[in-house]
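Labels below follow one simple rule: chain letters A, B, ... track the order of the sequence lines, proteins then strands, and each chain is numbered from 1.
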2 protein chains.
Amino acid sequence: MSTDENLTHFLPLYAQVKQHLIQRIVDQVWAPGSALPSEYKLGVELGVSQGTVRKALDEMAAEKLVVRKQGRGTFVSEHTHEQELFHFFRLVDQHDQQYVPTSQVLSLEHSESTEYESKALGLAEGSLITRISRLRLLNGRPAIVETISVPRDLISDFPDRSAMPNSLYRFYQQSHGISVLRAVERIKVVLANDNEADLLGIARDVPLLEVERVAESIDGRLVELRVSRLVTDECRYRVELT
Amino acid sequence: MSTDENLTHFLPLYAQVKQHLIQRIVDQVWAPGSALPSEYKLGVELGVSQGTVRKALDEMAAEKLVVRKQGRGTFVSEHTHEQELFHFFRLVDQHDQQYVPTSQVLSLEHSESTEYESKALGLAEGSLITRISRLRLLNGRPAIVETISVPRDLISDFPDRSAMPNSLYRFYQQSHGISVLRAVERIKVVLANDNEADLLGIARDVPLLEVERVAESIDGRLVELRVSRLVTDECRYRVELT
DNA sequence: GAGTGGTCTAGACCACAAT
DNA sequence: TTGTGGTCTAGACCACTCT
């Protein structure tokens, strides 16, 4: 990695180092949870100073691509129950306490994508997808009906209904090396249909909060469309703007 | 700023520098929009190296407390129309385009705080507040009814209804040196009351999205409670999780 | 040309974790 | 004791802005 390369790409050295390191994580040269070489070794290998490697790794740590532990090393991020819970699950009770949801799989089907799914996931219409429906409970009470659509060419071997893990992002990562690091959610109000009313123990046409989430993997692929519909009698969707 | 201070507080030098600089921004030694001294000058003044000042300023830039401009200097952040729009206003249309809302002040009253307001803003019940109601239009169509509650001891001189600026955060900053940098929003579903139905041109009991926002200033004071109720026929509340 | 932030380097020492 | 990341410094050079 020479300075000439810098002049060619008009990109600072540390940014080139960062891209290089990200590519190696994407390529699973270093798997989630494993340690990267030390800053000094990476510097020697890439022909830059330790300080330049440090700046690349600091930015990657800020983006949660890696976790740095003093005295131990730098590790590729992995999805833990805690992380997923506190990072992607935004429902809190009236005292701002996060819920620990449980899940009950209602159905798992293979199908062709609808127009809506295709558009959201950037697929050709009629692509093969897997569609999972879940009922989620907060404090043991049915509160969320959720439909998850995943392209079959990304994940083709979901476990049986009975063995489906509560934390899907961890499953994607551990079984397929797909790390969800980013998501966009769009929220609106809808009315419960008969099925949702039945599952949630409410009347038809009761208004629900709909959260539509598109999840993106570390290399930019759209992994999942998740539409959650929930009763906000007791819970709130919480966002911090900073 | 000696190293001994570091040993006393068990805080890295750059973090002490950062706290010091933040305090000077809070105290309006450097007003929003004005330039800080150069890294080198600050280093000399505080008795640390330029690199240590740089690390402090880099973190402050990441937190949007300051803006750094190559070749020009480092400036205290100020609320611009653009910033406020793209940072705090999360409503988009069906093509993910942000709206540019307009506002119409419905009422401005001075009052004692309700239990709800007191709790949200951390006030003693019955504290003096100013309460503003606005109707906000998206693409010229009424879409949001908003009630804003502000402690009178923070802002006591709101302009008349007719002169009320569309961008309140800019007003807080320019007139009172109060910079809103952080907010927490909680979202739920509610039903339109008669007044809301009337203003929004919908029927009573149509479900609305309610966004409750508590805004916090740079020094941690709770500046504003804002409850917005909106029709999500066409718009969506958009969040990026990263 | 002078002044600013941005990048890159090299080296010293500290704090922490494992052996 | 060894190896890791964390902090701090000093100095060089680059890129940008203004006058």
- Note on the structure: A:Tyr99 meets the ring pair (Phe, Tyr, Trp, His ring centres under 6.0 Å) criterion, sequence neighbours left out, with none
- Give the rounded distance in Å between these two atoms: CG of A:Leu46 and C1' of C:dC8. 15 Å
- Task: Considering just the side-chain nitrogens and oxygens of A:Arg54, establish if one lies under 4.0 Å of OP1 or OP2 belonging to D:dG5.
- Result: no
- Note on the structure: Contact check, residues 55-69 of chain B vs DNA chain C, heavy-atom distance under 4.0 Å, returns B:Arg68, B:Lys69
- In this structure, OG1 of A:Thr52 is separated from CG of A:Leu57 (nearest 0.5 Å) by 11.0 Å
- Note on the structure: Per-helix bend value, the helix from C:dG1-D:dC18 to C:dA18-D:dT1, C1' rotation axes over five pairs per end, 10° rounding, shows 10°
- Item | For A:Tyr14, ring pair (Phe, Tyr, Trp, His ring centres under 6.0 Å) partners two or more places apart | none
- For a salt bridge (charged side-chain N to carboxylate O under 4.0 Å, His left out) with B:Arg182, tell me which candidate from B:Glu63, B:Glu216, B:Glu224 qualifies. B:Glu216
- Task: Compare the minimum distances between each of D:dC8, C:dT7, C:dT9 and the side chain of B:Pro12, then state the nucleotide with the smallest one.
- Result: D:dC8
- Please state how far atom CD in A:Gln50 lies from atom P in D:dC8, giving the value in whole angstrom units. 15 Å
- Item | A:Arg141 CZ: over 12 foreign heavy atoms closer than 6.0 Å | no
- Calculate the interatomic distance between A:Leu11 atom CG and C:dC8 atom C1'; express it in whole Å. 14 Å
- Task: Any chance you could lay out the side chain to side chain donor-acceptor pair (under 3.5 Å) test for B:Asp219 and B:Ser217, step after step, and finish with the verdict?
- Result: CA-CA 5 Å; B:Asp219 55 350; B:Ser217 84; 2.2 Å; yes
- Query: Does A:Thr52 make a side-chain N or O approach to OP1 or OP2 of C:dT7 shorter than 4.0 Å?
  - Reply: no
- Would you say C:dT4 has OP1 or OP2 under 4.0 Å from some side-chain N or O of B:Thr74? no
- Message: Would B:Lys188 and A:Tyr237 count as a cation-pi pair here, with the cationic atom under 6.0 angstrom from the ring centre and within 45° of the axis?
- Response: no
- Note on the structure: Contact check, residues 33-44 of chain A vs DNA chain D, heavy-atom distance under 4.0 Å, returns A:Ser38, A:Glu39, A:Lys41
- Message: Just to verify, which of B:Leu91, B:Ile144, B:Leu230 counts as forming a side chain to side chain contact (heavy atoms under 4.5 Å, CB included) with B:Arg136?
- Response: B:Ile144
- Task: Would you please indicate yes or no on a ring centroid separation below 6.0 angstrom for B:Phe171 and B:His79?
- Result: no
- Message: How about OH on B:Tyr40, more than 12 heavy atoms from neighbouring residues, nucleotides or ligands closer than 6.0 Å, or not?
- Response: no
All N/O contacts under 3.5 Å from nucleotides 17-19 of chain C to the protein, with atom names and distances to one decimal?
{"unit_1": "C:dA18", "atom_1": "OP1", "unit_2": "A:Arg72", "atom_2": "NE", "d": "3.3"}

- Query: So which of A:Thr74, A:Asp58, A:Val48 actually passes side chain to side chain contact (heavy atoms under 4.5 Å, CB included) with A:Val53?
  - Reply: A:Val48
- Query: Taking the side chain from B:Arg213 and the backbone from B:Phe88, do they hold a donor-acceptor pair closer than 3.5 Å?
  - Reply: yes
- Out of curiosity, A:Gln19 CD to A:Gln23 CD, how far, rounded to the nearest 0.5 Å? 9.0 Å
